[in-house]
Amino acid sequence: MRKEELSNILHSLDIPVNEGITSDGNINAYPRIVYWDYIWQDAVASGGEYVDQETYQISFYSKTPRNEKLVCLREKLRDIGLHPTIYHEYIPEDKVFHSYFALEVVE
């Protein structure tokens, strides 16, 4: 998957999406997604050239468990053959459910 494809899928959910950090305007928006790259790795492509392979964390924040937009995101990823393990935690001080997973992206 390319980064542009990942971005398109996330934005297709019609909820706030930020890369890197949550914008001030989205800090209290639920559900919302924040995603960022946390691993950079060289990969040899065809012809011996290098491409950047990056691993992104996708964090989904909501006020309810199993939010319908998270389920929709999971279905969209399944449709293109991606089946990430999705982890969940509850953040009591914020009263927010945080679901997160990793995807590899080629730049």
Side-chain angles (χ1 to χ4, degrees):
M1 167 182 285
R2 300 190 87 59
K3 182 181 174 189
E4 182 179 346
E5 294 171 289
L6 172 60
S7 178
N8 289 342
I9 289 170
L10 298 178
H11 283 91
S12 74
L13 298 170
D14 199 29
I15 61 174
V17 175
N18 290 113
E19 183 176 358
I21 60 170
T22 300
S23 67
D24 289 342
N26 291 339
I27 196 73
N28 292 313
Y30 297 99
R32 75 172 185 274
I33 292 174
V34 181
Y35 70 109
W36 63 91
D37 57 333
Y38 67 96
I39 298 174
W40 295 353
Q41 182 177 353
D42 286 337
V44 179
S46 58
E49 295 181 20
Y50 287 95
V51 295
D52 290 329
Q53 184 174 321
E54 299 175 2
T55 302
Y56 275 78
Q57 176 169 316
I58 294 82
S59 284
F60 186 99
Y61 299 93
S62 69
K63 291 288 190 176
T64 58
R66 292 188 175 260
N67 183 279
E68 67 182 64
K69 294 291 186 168
L70 178 60
V71 173
C72 182
L73 174 57
R74 186 179 185 203
E75 288 301 318
K76 287 176 181 270
L77 294 172
R78 284 177 172 172
D79 288 347
I80 60 171
L82 298 175
H83 305 276
T85 300
I86 302 174
Y87 300 89
H88 310 280
E89 64 181 348
Y90 181 70
I91 305 169
E93 55 273 7
D94 297 330
K95 298 180 181 164
V96 172
F97 293 89
H98 175 219
S99 301
Y100 57 98
F101 58 94
L103 286 177
E104 289 185 358
V105 173
V106 176
E107 286 294 316

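For E19, the salt bridge (charged side-chain N to carboxylate O under 4.0 Å, His left out) criterion is met by K3, not counting sequence neighbours.
Side-chain contact check for S12 and K76: at least one donor-acceptor pair (N or O, by modelled atom type) lies under 3.5 Å.
More than 12 heavy atoms of other residues, nucleotides or ligands lie within 6.0 Å of CD in Q57, so this atom counts as buried by the packing criterion. In E4, the CD atom is not crowded: 12 or fewer heavy atoms of neighbouring residues, nucleotides or ligands sit closer than 6.0 Å. Counting non-hydrogen atoms of other residues, nucleotides and ligands closer than 6.0 Å to CG of D14 gives a total of 12 or fewer. Counting heavy atoms of neighbouring residues, nucleotides and ligands inside a 6.0 Å radius, atom CG of D24 does not exceed 12 of them. More than 12 heavy atoms of other shown residues, nucleotides or ligands fall within 6.0 angstrom of atom CD1 in I80.
The shortest side-chain heavy-atom distance between D52 and V106 does not fall under the 4.5 Å cut-off.
Residues V34 and G20 approach most closely at CG1-O, 3.7 Å, considering heavy atoms. The minimum heavy-atom distance linking K69 with L13 is given by the pair NZ-O, 2.7 Å. I15 approaches P31 most closely through the heavy-atom pair CB-O, 3.8 Å. When every heavy atom of W36 is checked against every heavy atom of S59, the shortest pair comes out as CH2-OG, 3.5 Å.
A donor-acceptor pair is defined here as one N or O able to donate and one able to accept, closer than 3.5 Å; no such pair exists between the side chain of R66 and the backbone of V71.
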Pair I33-N18, side-chain contact (heavy atoms from CB on, under 4.5 Å): steps then yes or no:
CA-CA 6 Å; I33 292 174; N18 290 113; over 6 Å; no
Is there a side-chain contact (heavy atoms from CB on, under 4.5 Å) between Q53 and V105 once you walk through the steps?
CA-CA 6 Å; Q53 184 174 321; V105 173; over 6 Å; no
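Counting only residues at least two apart or on different chains, the ring-ring contact (aromatic ring centres under 6.0 Å, His included) pairs with a member in residues 76-107 are Y61-H98, Y87-Y100, Y90-F97, H98-Y100.
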